[in-house]
Amino acid sequence: MDQALSWIPYASYQYDWFLDMFFLRGSLFVMAFISAIFLALVFLNRRVLLEEIRISKRTAIILFLIFILGFWLRNAEYSYGMHSDGYIYAESARFMLAKGLFVKNCAFGNIDDCRLYEQVLYPPGYAFLIVLPSLLFGFSSLYAPIISAILSSATIILLFFIGRALFKSDLAGLYTASIFALFPLDLMFASTGNVRASANFFLALTIFVFLIALKRKKFLVSCLLAASLSLTLYMHQQYVAVLFPFALMLLWEHKKSLRHLKNPAHGIAALLLFLLLSTVFFYWLIFSKYYGGKALISLESFYNKAPRIMHELLLPSQNPYAKIVGFTYLISPIVSFLFLINFILMRKKDLKSVAFVLLIFISFFLTATLYGYCPSGTCPDYVRFIHPLVIPISLLAAFSSWKISERISRKLKLQSEHFLLILLIMLFLTGGFQPKMSLFKDARKEMPKAEALYFRAVELIPNGCTVISPLYLITVSDALPNNKRKAVNLWLIFSSTVPIVDSLLEESDCVYLIEGYFESDLFKEGYNYLKKFDKSFVARVEEKGRSVLIYRIK
């Protein structure tokens, strides 16, 4: 096992006792400990939380109807999403359960015979969520899209309470819930198992608890904030950006917030609790060789991503990336307009609330543009990185909607709820998404269409064979019944891994190659390696202009 782990590409494990003990091998314990602390603090704060979520019967009915609409759109069909991103977290959960290791997946082989563990690029929080139902019902990668869809749906409720708390209006909260419920970018990822849909739930929960902590000024609420914030960071490293607006908001409120405790030691204790719970996360973020602090920031990425993101926000247009998965826009043109007119409608009494949300937007905009490496082109990864922006954009667009509806209802003597209904209809009709007439459908092998071709190709390959493919995760997917195939990750074939690939292929009774739709410079060394083998054509799988080819390697 140690020999296999030493081959993790670009590994943070080389040899680091702390990462080995608490990240690579102990992540399940770490997350269980943090989650237990969080749940205990929720229980201890139950009275405060119940008081904060009390709403009128009329508001509750409207919110329920908005929630049902958003829930249906998010839970109509479950898939892995673009490039099987959602399946990656499920694979991490499977290895966490079966091997006690927090790794991305197996790059060469399968879970029973892994020759190379691939290094994770993310903390273990979301994988832990997938582990929980697996402990009760057995593992299934379907839990990843189900969890992300359910948590994304629950975020609708949380955003209502955040909007209400910030703008002191139930109607403002309903506008926030409505805009988020029909936000194309969130709908695109919510049912795919992509981590940020679930991370947005914890981000919204943390913002809500933060607002309660500012209002209530109680020690146990501050401790709950510390635990909730820690869980958010463990979902994905990008969410560390929320520390910036929180810190500035505390400085803004310093007379009321930093000195409110009768015993200053209480504030220090809450801070220490946060640092204790987040130690493993910050250690990995700073000291991991592969995805440590230096690798997170790229000014070149900012120059390439920022204009594209601003174009998406200011002048929404048909997005080619979105169209692949059945959408037109990432951000609705109506929402973009509402977002832009905030500063016209804002009054002095709204300054603090709007500024706080704007700080959240700026923080995540900077992480989306600086995060990762983007040397040229449009860098389609920016679409995933801007997912956290859905929350501040929804809040700011809701603020504008609320202000406009108040003015219109006074002049036309209409109820504000009428404007809310009109906005919902307009968002539904102009969102650029295609609602599915289904609910809870397992569509892992059917969507997106490009990935569906690879599923069909793998099904043509005899079970138990080794499959070389750019989408190697599909090869070992449990969506294929009794799947015993082994995968070779094409882009991880390079000089230092060739001996491992050789050993796997030599022991395989049959080896197949799938190629065609996904091509990248990442695969150059892999294809050069394959030139030494003879290959014979087996089949072509095609649909609507797309095709992949299957070869048998001799």
Side-chain angles (χ1 to χ4, degrees), residues 82 85 88-89 120-126 148 152 155 159 162 180 183 185-186 188-189 194-207 210 228-250 274 278 281-288 290-314 321 330-331 339 355-375 377-396:
M82 287 294 294
D85 283 346
I88 290 172
Y89 304 98
V120 289
L121 310 180
Y122 42 83
Y126 186 44
S148 68
S152 176
T155 309
L159 281 180
I162 294 172
F180 180 81
F183 208 115
L185 180 60
D186 192 72
M188 184 189 301
F189 288 119
N194 194 287
V195 63
R196 290 174 182 83
S198 297
N200 276 348
F201 167 82
F202 287 94
L203 174 63
L205 177 63
T206 302
I207 293 171
F210 179 77
S228 179
L229 180 56
S230 180
L231 275 177
T232 303
L233 300 186
Y234 278 100
M235 291 299 132
H236 195 277
Q237 61 270 30
Q238 188 178 358
Y239 289 76
V240 74
V242 79
L243 295 176
F244 175 67
F246 280 9
L248 289 184
M249 192 65 173
L250 283 173
F274 168 68
S278 306
F281 166 78
F282 282 112
Y283 190 93
W284 169 78
L285 185 69
I286 295 169
F287 296 108
S288 165
Y290 189 17
Y291 240 58
K294 291 181 180 179
L296 291 177
I297 299 174
S298 169
L299 290 176
E300 192 175 2
S301 292
F302 177 84
Y303 295 136
N304 288 314
K305 290 180 185 177
R308 189 70 186 92
I309 295 173
M310 291 306 297
H311 180 273
E312 218 56 80
L313 180 61
L314 303 178
Y321 186 98
L330 300 178
I331 302 172
F339 172 83
F356 175 57
V357 181
L358 191 58
L359 283 171
I360 296 174
F361 173 83
I362 292 171
S363 298
F364 282 103
F365 179 84
L366 290 174
T367 58
T369 51
L370 292 170
Y371 184 76
Y373 181 59
C374 174
T378 58
C379 292
D381 268 358
Y382 82 88
V383 176
R384 290 182 295 178
F385 294 161
I386 64 173
H387 198 174
L389 291 175
V390 168
I391 288 179
I393 290 174
S394 297
L395 286 163
L396 292 171

(message) With a 4.5 Å cut-off on side-chain heavy atoms, are L313 and I393 touching?
(response) yes
(message) With a 3.5 Å distance limit and no angle check, can you tell me whether Q237 reaches the backbone of F281 through a side-chain donor-acceptor pair?
(response) no
(request) Could you tell me which non-hydrogen atom of F339 sits nearest to which non-hydrogen atom of L396, and how far apart they are? (result) CE1-CD1, 3.3 Å
(request) Would you check if the side chain of Q238 reaches a backbone N or O of F385 as a donor-acceptor pair within less than 3.5 Å? (result) yes
(message) If I take atom CZ from residue F365 and atom CZ from residue F302, how far apart are they, to the nearest 0.5 angstrom?
(response) 5.5 Å
(message) For T206 versus S228, what's the shortest heavy-atom pair and its separation?
(response) OG1-OG, 2.8 Å
(message) Within the structure provided, determine whether L203 and V242 are in side-chain contact (heavy-atom separation under 4.5 Å).
(response) yes
(request) List for me each residue that meets side chain to side chain donor-acceptor pair (under 3.5 Å) alongside Y239, sequence neighbours excluded, and say none if there are none. (result) N200
(request) Report the distance from atom CZ of R196 to atom CZ of F189, rounding to the nearest 0.5 Å. (result) 8.0 Å
(request) I would like to know whether F180 and T155 meet side chain to side chain contact (heavy atoms under 4.5 Å, CB included); could you show each step before the answer? (result) CA-CA 8 Å; F180 180 81; T155 309; 3.7 Å; yes
(message) Tell me whether S278 contacts the main-chain N or O of S230 through its side chain, where contact means a donor paired with an acceptor under 3.5 Å.
(response) no
(message) So L229 and F274, do their side chains get closer than 4.5 Å, heavy atoms only?
(response) yes
(request) Using the six-membered ring wherever Trp is involved, compare the ring planes of F210 and F246 and label them parallel, tilted or perpendicular (cut-offs 30° and 60°). (result) parallel
(message) Quick check: do F244 and L366 have side-chain heavy atoms less than 4.5 Å from each other?
(response) no
(request) For residues P245 and F356, report the shortest heavy-atom separation together with the two atoms involved. (result) O-CE1, 4.0 Å
(message) A side-chain contact here means heavy atoms from C-beta on lying under 4.5 Å apart; do F183 and I331 qualify?
(response) yes
(message) For a quick test of reading the model, state the closest non-hydrogen atom pair linking P388 to P392 and the distance between them.
(response) O-CD, 3.2 Å
(request) Could you pull out the closest heavy-atom pair between A368 and I386, with the gap in Å? (result) CB-CG2, 3.9 Å
(message) Let me confirm one number: the OH-CG distance from Y126 to L231, rounded to the nearest 0.5 Å.
(response) 15.0 Å
(message) Once rounded to the nearest 0.5 Å, what's the spacing between atom CG of L359 and atom CD1 of I362?
(response) 5.5 Å
(request) Compare all side-chain heavy atoms of R384 with those of N194 and state whether any distance is below 4.5 angstrom. (result) yes
(request) For the pair T232 (side chain) and F202 (backbone), establish whether a donor and an acceptor sit closer than 3.5 Å, ignoring hydrogens and angles. (result) yes
(message) Looking at Y283, I'd like to know if its OH atom is crowded, meaning that more than 12 non-hydrogen atoms belonging to other residues, nucleotides or ligands lie closer than 6.0 Å.
(response) yes
(request) Test R308 against every option in K305, E312, M310 by the side chain to side chain contact (heavy atoms under 4.5 Å, CB included) rule and name the one that passes. (result) E312
(request) Kindly write out the residues that satisfy ring-ring contact (aromatic ring centres under 6.0 Å, His included) with F201, not counting sequence neighbours, or none if the list is empty. (result) none
(message) Looking at every non-hydrogen atom in both residues, tell me the closest pair between H236 and P123 and how far apart they are.
(response) CA-CD, 3.9 Å
(request) Give the intermediate values and the outcome of side chain to side chain contact (heavy atoms under 4.5 Å, CB included) for residues V383 and L185. (result) CA-CA 8 Å; V383 176; L185 180 60; 4.0 Å; yes
(request) Just do the side chain to side chain contact (heavy atoms under 4.5 Å, CB included) check on I391 and I360 with the steps written out, would you? (result) CA-CA 9 Å; I391 288 179; I360 296 174; 5.6 Å; no
